[in-house]
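Structure first, commentary second.
Each chain gets a letter, A, B and so on, in the order the sequences are listed, and its residues count up from 1. Keep in mind that this is a model prediction, so the values were computed, not measured.
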Amino acid sequence: MTSVTGSSMSMTSLSGSFKQTQAKPETVNKVCEIVRKQLALPAETAVTGESKFATLGADSLDTVEIVMGLEEAFDISVKEDSAQTIATVQDAADLIEDLVMEKDA
Amino acid sequence: MASAVPPPVRSEVLLLFRSLLRTAREFADYNIREYTKRRTIDAFRQNRDLSDPSAVVAAFADGKSQLEVARRQVIVHSLYAPKVKNVMEIKH
């Protein structure tokens, strides 16, 4: 065990179960914002990680536009086959995080 | 009679849409860039519910030729790129 000299550090316990998703909440929120703007959703419509684009009323053209918007917002480039697999907000956020990590690596 | 060309598959149409939007992004001029994006989106939305296969083929071919035009124009316009940013692009 390492000895900590100086001020003692207290670790806050991470209670609660971690979801297996990788995307940070800020990323998910930014994605939700872009989706909301693209689909012109009223404020009452809930947009969360699990929201499917199809249920929010997006057709395939909307999905392409959303992916384009995400590319510009996060300064990434989504490959064609990856773009086809995006069905929910969470998918998009995870993909974005992967691409941002690759870019910064 | 010309032999029937099979209508494009959904993925081909979406690929054309994406290519047009990507090409639009390469324009240096704000006006042309925004126009290309807007026109692409409007045209694809307008032709969304085409049922007649020959109309679909014609629209797709038109889209492809426009993509070629846009690609050429990106190169030509880059030779004469505006030196000053458009006022709409300046973030306040």
Side-chain angles (χ1 to χ4, degrees), chain A residues 26 29-42 45 47 51-100 102-104, chain B residues 6-51 53 55-64 66-68 70-71 74 85-86 88-92:
Chain A
E26 310 93 67
N29 283 337
K30 210 162 159 184
V31 174
C32 288
E33 218 179 279
I34 291 174
V35 171
R36 193 180 279 281
K37 209 168 62 156
Q38 171 63 36
L39 302 177
L41 297 171
T45 317
V47 184
S51 310
K52 280 210 192 112
F53 291 142
T55 28
L56 293 172
D59 62 0
S60 46
L61 292 180
D62 283 315
T63 312
V64 174
E65 283 185 58
I66 290 171
V67 172
M68 287 278 128
L70 295 174
E71 282 190 5
E72 279 168 37
F74 292 94
D75 193 23
I76 49 173
S77 186
V78 178
K79 281 196 298 288
E80 182 58 32
D81 33 2
S82 322
Q84 307 272 33
T85 61
I86 297 178
T88 68
V89 172
Q90 195 63 55
D91 291 343
D94 292 339
L95 183 60
I96 290 167
E97 295 254 319
D98 288 342
L99 289 170
V100 169
E102 273 174 33
K103 198 178 63 138
D104 294 335
Chain B
V9 196
R10 174 185 292 269
S11 56
E12 287 178 308
V13 173
L14 293 177
L15 181 57
L16 179 62
F17 189 48
R18 191 189 307 279
S19 307
L20 275 161
L21 290 179
R22 278 190 195 277
T23 309
R25 279 205 291 221
E26 295 174 38
F27 278 107
D29 186 327
Y30 169 85
N31 284 323
I32 302 176
R33 189 168 65 232
E34 289 300 307
Y35 167 75
T36 312
K37 262 182 12 192
R38 204 170 49 233
R39 183 72 185 93
T40 312
I41 295 171
D42 287 351
F44 273 81
R45 291 220 170 267
Q46 197 181 15
N47 289 336
R48 208 174 68 137
D49 302 315
L50 287 179
S51 48
V56 175
V57 170
F60 188 69
D62 186 34
K64 282 200 109 74
Q66 293 300 332
L67 176 60
E68 290 308 306
R71 284 191 174 145
V74 164
K85 270 191 172 231
N86 191 301
M88 299 290 286
E89 291 184 295
I90 303 172
K91 293 205 191 322
H92 293 289

(request) Under 4.5 Å, heavy atom to heavy atom: which of residues 21-33 of chain B reach chain A? Give them by number, or say none. (result)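 Residues B:L21, B:R22, B:R25 are the ones that qualify, each having a heavy atom under 4.5 Å from chain A.
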
(message) Applying a heavy-atom distance below 4.5 Å, give me the residues of residues 6-15 of chain B that approach chain A, sorted by number.
(response)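 Checking residues 6-15 of chain B against chain A gives B:R10, B:S11, B:L14, B:L15.
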
Mark yes or no for whether [X], through its side chain, and [Y], through its backbone, hold a donor-acceptor pair below 3.5 Å.
| X | Y | value |
| --- | --- | --- |
| A:D91 | A:T88 | yes |
| A:K103 | A:D75 | yes |
| A:R36 | A:T45 | yes |

(request) Kindly give the heavy-atom pair with the smallest separation between B:G63 and B:L20, and that separation in Å. (result)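 Closest pair (atom of B:G63, atom of B:L20, distance): O-CD1, 4.3 Å.
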
(message) Show the nearest heavy-atom pair for residues A:I34 and A:G69, with the distance to one decimal.
(response)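 For A:I34 and A:G69, the tightest heavy-atom pair comes out as CD1-O, 4.2 Å.
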
(message) Can you confirm whether A:I96 sits close enough to A:K30 that some side-chain heavy atom of one is under 4.5 Å from a side-chain heavy atom of the other?
(response)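 Not touching, per the 4.5 Å side-chain cut-off.
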
(request) Counting only heavy atoms closer than 4.5 Å, note whether A:D62 contacts chain B via side chain, backbone, both or neither. (result)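 When you check distances to chain B, atoms from both the backbone and side chain of A:D62 fall under 4.5 Å.
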
(message) Apply side-chain contact (heavy atoms from CB on, under 4.5 Å) to residues A:F53 and A:D59 and explain how you reach the verdict.
(response) CA-CA 8 Å; A:F53 291 142; A:D59 62 0; over 6 Å; no

(request) Tell me, please, which residues at least two apart from B:E68 pass salt bridge (charged side-chain N to carboxylate O under 4.0 Å, His left out). (result)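 Applying salt bridge (charged side-chain N to carboxylate O under 4.0 Å, His left out) to B:E68 gives B:R71.
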
(message) Suppose we screen for salt bridge (charged side-chain N to carboxylate O under 4.0 Å, His left out). Which residues come up paired with B:K37, at least two apart in sequence or across chains?
(response)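 Only B:E34 meet the salt bridge (charged side-chain N to carboxylate O under 4.0 Å, His left out) criterion with B:K37.
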
(message) Does B:R39, at its CZ atom, have more than 12 non-hydrogen atoms belonging to other residues, nucleotides or ligands within less than 6.0 Å?
(response)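 Not more than 12 within 6.0 Å, no.
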
(request) Side chain from CB out, backbone as N, CA, C, O: work out which of these in B:R45 comes under 4.5 Å of a heavy atom of chain A, or both, or neither. (result)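 Its backbone and side chain both get close to chain A.
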
